[in-house]
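This report refers to the structure that appears directly beneath it.
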There are 2 protein chains.
Amino acid sequence: MRYHLVRPGIETSAESVAFLSTDELLCQCLGLHPLDRIEVADGSGSVLAVLNGVTSGLVPPGSVGLSETAFERLALEEGVEVSMRPAGPPASVTAIRHKIAGRPFAGGDLRVLVDDIVSGRHSKVELTALVVASAIHGLSDDEVTELVRAMVARGRRMRWPGPIVADKHCIGGVPGNRTTPIVVAIAVAAGLTIPKTSSRAVTSAAGTADAMETLMNVSLSVERMEAVVRRAGGCLVWGGAMDLAPADDAIIRVEHPLHIDCEGLMLASILAKKIAAGATHVVIDIPVGPGSKVESSERAAALRERFRALGARLDLELSIQLTDGSSPIGHGVGPAIEARDVLAVLDGDALAPRDLREKSIAVAGSLLELVGAAAAGQGALEARSLLDSGAARERFELIRDLQGRSEPPRPGPAVYYWCAPVDGRVVAISNESIARAARLAGAPRDPAAGVDVHTRVGDRVTQGQPLLRVHARNTTMGEYARRYLETEARPMRVEPS
Amino acid sequence: MRYHLVRPGIETSAESVAFLSTDELLCQCLGLHPLDRIEVADGSGSVLAVLNGVTSGLVPPGSVGLSETAFERLALEEGVEVSMRPAGPPASVTAIRHKIAGRPFAGGDLRVLVDDIVSGRHSKVELTALVVASAIHGLSDDEVTELVRAMVARGRRMRWPGPIVADKHCIGGVPGNRTTPIVVAIAVAAGLTIPKTSSRAVTSAAGTADAMETLMNVSLSVERMEAVVRRAGGCLVWGGAMDLAPADDAIIRVEHPLHIDCEGLMLASILAKKIAAGATHVVIDIPVGPGSKVESSERAAALRERFRALGARLDLELSIQLTDGSSPIGHGVGPAIEARDVLAVLDGDALAPRDLREKSIAVAGSLLELVGAAAAGQGALEARSLLDSGAARERFELIRDLQGRSEPPRPGPAVYYWCAPVDGRVVAISNESIARAARLAGAPRDPAAGVDVHTRVGDRVTQGQPLLRVHARNTTMGEYARRYLETEARPMRVEPS
């Protein structure tokens, strides 16, 4: 039976969905049942999708609709004829079931698994089962190593001239922690090659790519990225479209709503992306503290050991830094606000956020030591001097020019202030509340939206003193954030004095 | 901000989804992000839904669409004004996260969990996490007992006159195993009260409700069901709309695609439904064998012990029968085909399937002994006599008349025969292949569709002899089943002689 392909324009994210009219399902396609897996194909290609019924005229009888990503995967025009047939689950579901039962993944399983993930063949149910079973049973170093190899093999692998290629990665969870642009600027000023790819925010107020996009074009082709790195020594681009170990988006979309991290999947994803990007020497920043991804120093130490063991197996030189992750860094969160803080640090502005400056210097220093560009214990000194001399700023501006400079928008109007409830001392600032308030104000899609954080843990404050400033396009846009901060959130804890 | 409610007519099963135009998300609703949980509300009620973007004109700017079940939950007209706001995950997600981490559920957790499930507040990701974590860590007898209590408390609880209310349940997995109508007929002929509610097929070729619907109206109100039971002593109705422990549909929709069963969730669901239906004495049929849900006799014995322990805690008298589940029962599968077999057994037809007759007598006999209507060891004798005397048939026809008799459709035309590949002996018949072939032919939605099984394990067959007959509306409808049986399935194993 042949069907006309239609595009109802429904975005279903990680899951490929096929839509068929309920009438068609009841009258003509009795052998296809809602939620069955079906294959939609023409001569040249096919997609696996989960079947949903549609009762409106959206998908007329005789037609089959595909969700946006499935439609793009099939790469056909609307109206062409396709065939449709019942299909089984993707091959890797057997391995997922075995993992649920406690059996480890084998190397062959993981190659099939990664192929199914990258091809978007899993339903949300199957992806969630993979993540939860991997989180509960864990992934051994063997499994993570094989998973990294499968991920690297399935995507693009970049090559750079010279034996040493530097990189950095932060496992995330701390709003405003925008050290990457500063570290890259210092590293290239020191003569390193650092072809940095970054991600956009999934659940935070801004990813490095979102913040840098307010200052320059970050959506470069691989060829253009290579040209920038040849000229400047480094770059600051969005890695999402570069096909580097492209399996983790789907996994993150499942992990996030559950607020769980599967350590093995996270390790594999980080290491695979670094290897695929051609890195040989990488500083890993692990923020530690209540409210960050890694809450205890025991867990942080164990994670450091795992990184070390995996780095050795995968021939990657790693320097793992445990840093303070208990509260936001910089003077605010949101793309333009974080870009402002980065520029202030690079400018040597006396009012630049000290924590962002010092952390960037420390991370850059570790990187200089790791690649042998500074003697042990001298990295931070060297990094500070490259920053203070203006050399880092100069390289940063070169990268902006080469990628395509733009001027950042001013933060949106201040629509709401969150004020100290009592006289006292700030004893905690919540990473989660600050990030969520900024997202509710429109970040990262509205680059001018975000939250300014005027206070640090330890500061004395007086009742009614503004501690947070919410920026949004207008007061209506700021309404969600205001309501959240006033009723649900606990953005800061102030101990009465 | 106020939005007009629209109904795009999209069925998303267990998950409540809200649709917003992508333009609206990008321009007006910057604080709402795709895949966020949002609350859509008017003054009187609200639903939690997962936000999806729509690029077509399906949901115009200024409007919000809801998936079918979410729309029905909100119970408003299209076009009315509703409000929309970002919301957190449902309260029970914290308990699900703790369960992933290995912490048992507490009673209070489970009440909130059941409320969230029944109200459809979970996303598929959250439901899957619940099922996978419960499958891996298991649910203790304490957890199952509390879960049963929470499920019973959340739905309707039926009351019947007299101290003894009989029931039966089969944990399923064996196609054609349609003993329920025969057991009910024998039980009421013996004077028992047996207000039987049954389910429709989720993944099989027919549920008892699907098969009985070809013979009588099974969609009764609770009041009408009570009237039937008062007159006839029993009934055969669809329990789906009766609000009895209404939490398991959502769970099954997640378990099935993974082919996993969480034992604790299954036990809780069965026991809660029985208690909610008012049963005091229940026979549980556990089919055992390769290809059924319980493959080994060790697992079956362990399951029997768990049922016994839980029955004692919940004050439910149980008789647990381990039966042969290695191959289909009766002469075929599909609603009308199974109804035909049931009538043949009740009629005492000499060509009626012996296995269905003998199993029904055994189960009915256990029930008679359990309630004290027959002495130990005499139940089967008593049951056989009630069947052979025509008394059971007479009560069955009374139930049909009271519920509203209909005449079953003839099985659809034979569209395909699967024939013996060699001369030899049938050594295995696959439950899964037979069920899937019948579904691909259109069962259960087409009640006349299904598969006749002409052979039993142990039969000698000759090459080319038809062993399966596929019934479908027409040859086009039978095409999926034919292709499946010819290329993918292994419906029978014939050992060459």
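Computed from a predicted model, the values in this text were never measured in an experiment. Just the heavy atoms: all of them, side chains too, but no hydrogens, waters or symmetry mates, feed the values below. Reminder, nothing fancy here: chain letters follow the sequence lines and each chain counts from 1.
With chain A as partner, the option from B:L25, B:V125, B:V132, B:V93 having the largest number of non-hydrogen pairs under 4.5 angstrom is B:V125. Chain B forms the most heavy-atom pairs under 4.5 Å with one residue out of A:E126, A:H259, A:R37, and that residue is A:H259.
With rounding to the nearest 0.5 Å, the separation of CZ in A:R445 from CG in B:L32 is 7.5 Å. Atom CZ of B:R439 sits about 6.0 Å away from atom CG of A:D36, to the nearest 0.5 Å. Atom-to-atom distance recorded for B:I136:CD1 and A:I100:CD1 is 6.0 Å, nearest 0.5 angstrom. To the nearest 0.5 angstrom, B:L258 atom CG is 7.0 Å from A:S123 atom OG. With rounding to the nearest 0.5 angstrom, the CZ atom of A:R7 is 6.0 Å from the OG1 atom of B:T55. For the atom pair CD of B:E11 and CZ of A:F19, the computed distance is 11.0 Å after rounding to the nearest 0.5 Å.
Only the side chain of B:L35 comes within contact range of chain A, with heavy atoms under 4.5 Å apart. Only the side chain of B:R97 comes within less than 4.5 Å of a heavy atom of chain A; its backbone N, CA, C and O stay farther away. B:A443 touches chain A through its backbone: at least one of N, CA, C or O sits under 4.5 Å from a heavy atom, while the side chain does not. Contacts of B:H137 with chain A are made by side-chain atoms alone, with heavy-atom separations under 4.5 Å and no backbone atom involved. For chain A, no part of B:T203 is nearby; none of its heavy atoms comes within less than 4.5 Å. Interface remark: B:A87 contributes backbone atoms only to the contact with chain A (heavy atom separation under 4.5 Å). Looking at B:P8, the atoms closer than 4.5 Å to chain A (heavy atoms on both sides) all sit in the backbone: N, CA, C or O. Heavy atoms of B:L127 lying under 4.5 Å from chain A are absent altogether. Contacts between B:R483 and chain A at a heavy-atom distance below 4.5 Å involve the side chain alone, from C-beta outward.
Counted within 6.0 Å of CD on B:E295, heavy atoms from surrounding residues, nucleotides or ligands total more than 12; the atom is thus considered enclosed. Residue-environment remark: CD (B:E432) stays at or below the threshold of 12 foreign heavy atoms within 6.0 Å. The local environment of CZ in B:R490 is sparse, with at most 12 non-hydrogen atoms from other residues, nucleotides or ligands closer than 6.0 Å.
By the 4.0 Å N-to-carboxylate-O rule, A:K124 lies close enough to B:E15 to be salt-bridged with it.
Contact annotation for residues 56-72 of chain B against chain A (heavy-atom separation below 4.5 Å, listed by residue number): B:S56, B:L58, B:E68.
Between B:Y480 and A:G31 the shortest heavy-atom distance is CD1-CA, 4.1 Å.
A heavy-atom distance below 4.5 Å is found between the side chains of A:H33 and B:P444.
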